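Here the structure is laid out as structure tokens; the discussion comes afterwards.
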Amino acid sequence: MTEPTHDEARGGALGSRLNWLRAAVLGANDGIVSTAGLVVGVAGATENRAALLTAGLAGLLAGSMSMAAGEYVSVSTQRDSERAALALERRELREQPEAELRELTELLEARGLSRGVAREAAEQLTARDALRAHARVELGIDPDELTNPWNAAWASFLSFTVGALLPLLAIVLPPAGRRLAVTVVSVLAALALTGWSSARLGAADPGRAVLRNAVGGALAMGVTYGAGTLLGAAGV
């Protein structure tokens with residue numbers, strides 16, 4: 001059995017990059033919706049620029065840190081699981097090599113190889129690097145490219161921050177009478193873009209994704225603005 005071809009390796013790398021890009025788009029989307037809901041809600045209660053800026057910055061920092069911490073914990077858990085699986089596989093290869101060779105043969109045979117070819121391929125892969133062979137074929141793990149929690153945390157932090165900056169700037173930069181309209185239009189346009197991007201990356205229907213994003217964002221802003229208006233009218 002041959003090693004993965006250049007095109008196959010490039011395809012795997014492309015898939016990994018697409019996953020990161022999709023996560024970045026979704027992180028930016030979260031930043032847009034959550035911060036827009038927050039600042040629009042505050043705008044319903046007050047037109048004070050300082051209050052809007054404070055609320056927006058607080059939401060941006062809290063959201064980006066929360067996203068980064070959550071992603072770090074999640075990916076760290078995944079990385080620990082991958083390491084544990086590799087450690088178990090390493091021990092099994094040391095203690096029962098024949099059983100592991102049979103297992104690898106059966107896995108290759110299940111992928112469409114004949115019994116004889118699967119056995120020969122398993123023997124060659126085992127002789128070259130048994131752990132790598134089992135990690136890739138049995139576990140679906142590349143031992144040289146385990147998930148990195150710090151990369152995931154920074155990606156989530158940055159994507160959320162970029163998304164959150166748009167509604168924050170849209171609510172504090174325009175004149176008081178235009179803030180709400182500018183924010184709503186900007187947010188809906190940005191959500192349409194992130195919806196289209198995520199759909200294209202996932203080979204889905206862009207129309208549905210754009211509609212879901214726009215409706216969800218509009219609903220979030222409508223609810224928070226209504227709540228802010230009621231609280232402002234009540235003098236809270």
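Values in this document were obtained by computation on a predicted structure and should not be read as measured data.
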Checklist entry - Which residue, Val182, Thr35, Val33, Leu38, forms the side chain to side chain contact (heavy atoms under 4.5 Å, CB included) with Pro167? => result Thr35
Checklist entry - Hey, is the main chain of Tyr225 close enough, under 3.5 Å, to the side chain of Thr229 for a donor-acceptor pair? => result yes
Next on the checklist: To the closest 0.5 Å, what do you measure between CG (Leu93) and NE2 (His134)?
Outcome noted: 5.0 Å
Checklist entry - Do the side chains of Val187 and Val210 join up, straight or via other hydrophobic residues, at under 4.5 Å, putting them in one cluster? => result no
Next on the checklist: Which residues pass the ring-ring contact (aromatic ring centres under 6.0 Å, His included) test with Trp196, not counting sequence neighbours?
Outcome noted: none
Checklist entry - Does Glu47 offer a backbone N or O that forms a donor-acceptor pair with the side chain of Arg179 under 3.5 Å? => result yes
Next on the checklist: Donor-acceptor pair, distance only, cut-off 3.5 Å: does the side chain of Ser159 make one with the backbone of Ser156?
Outcome noted: yes
Next on the checklist: Please determine whether the number of non-hydrogen atoms from other residues, nucleotides or ligands lying under 6.0 Å from atom CD of Gln96 exceeds 12.
Outcome noted: yes
Item to check | Arg102 vs Glu106, salt bridge (charged side-chain N to carboxylate O under 4.0 Å, His left out): CA-CA, chis, key distance, verdict | outcome: CA-CA 6 Å; Arg102 286 195 301 273; Glu106 292 169 358; 5.8 Å; no
Item to check | Same cluster (ILVMFWY, side-chain, under 4.5 Å), Val42 and Leu168 | outcome: yes
Item to check | Minimum heavy-atom distance Ala121-Leu113, with the two atoms named | outcome: CB-CD1, 4.5 Å
Checklist entry - Is there a donor-acceptor pair closer than 3.5 Å between any side-chain N or O of Thr194 and the backbone N or O of Leu191? => result yes
Next on the checklist: Under the rule for ring-ring contact (aromatic ring centres under 6.0 Å, His included), what residues qualify as partners of Phe157, not counting sequence neighbours?
Outcome noted: Trp154
Next on the checklist: Taking CZ in Arg115 as the centre, count heavy atoms belonging to other residues, nucleotides or ligands within less than 6.0 Å. Is the count above 12?
Outcome noted: yes
Next on the checklist: I'd like to know if the side chain of Arg111 reaches the main chain of Val137, judged simply by a donor and an acceptor atom lying under 3.5 Å from each other, with no hydrogens or angles considered.
Outcome noted: yes
Checklist entry - Which value, rounded to the nearest 0.5 Å, describes the distance between Thr105 atom OG1 and Arg119 atom CZ? => result 5.0 Å
Checklist entry - Between the main-chain N or O of Ala170 and the side-chain N or O of Thr183, is there a donor-acceptor pair closer than 3.5 Å? => result yes
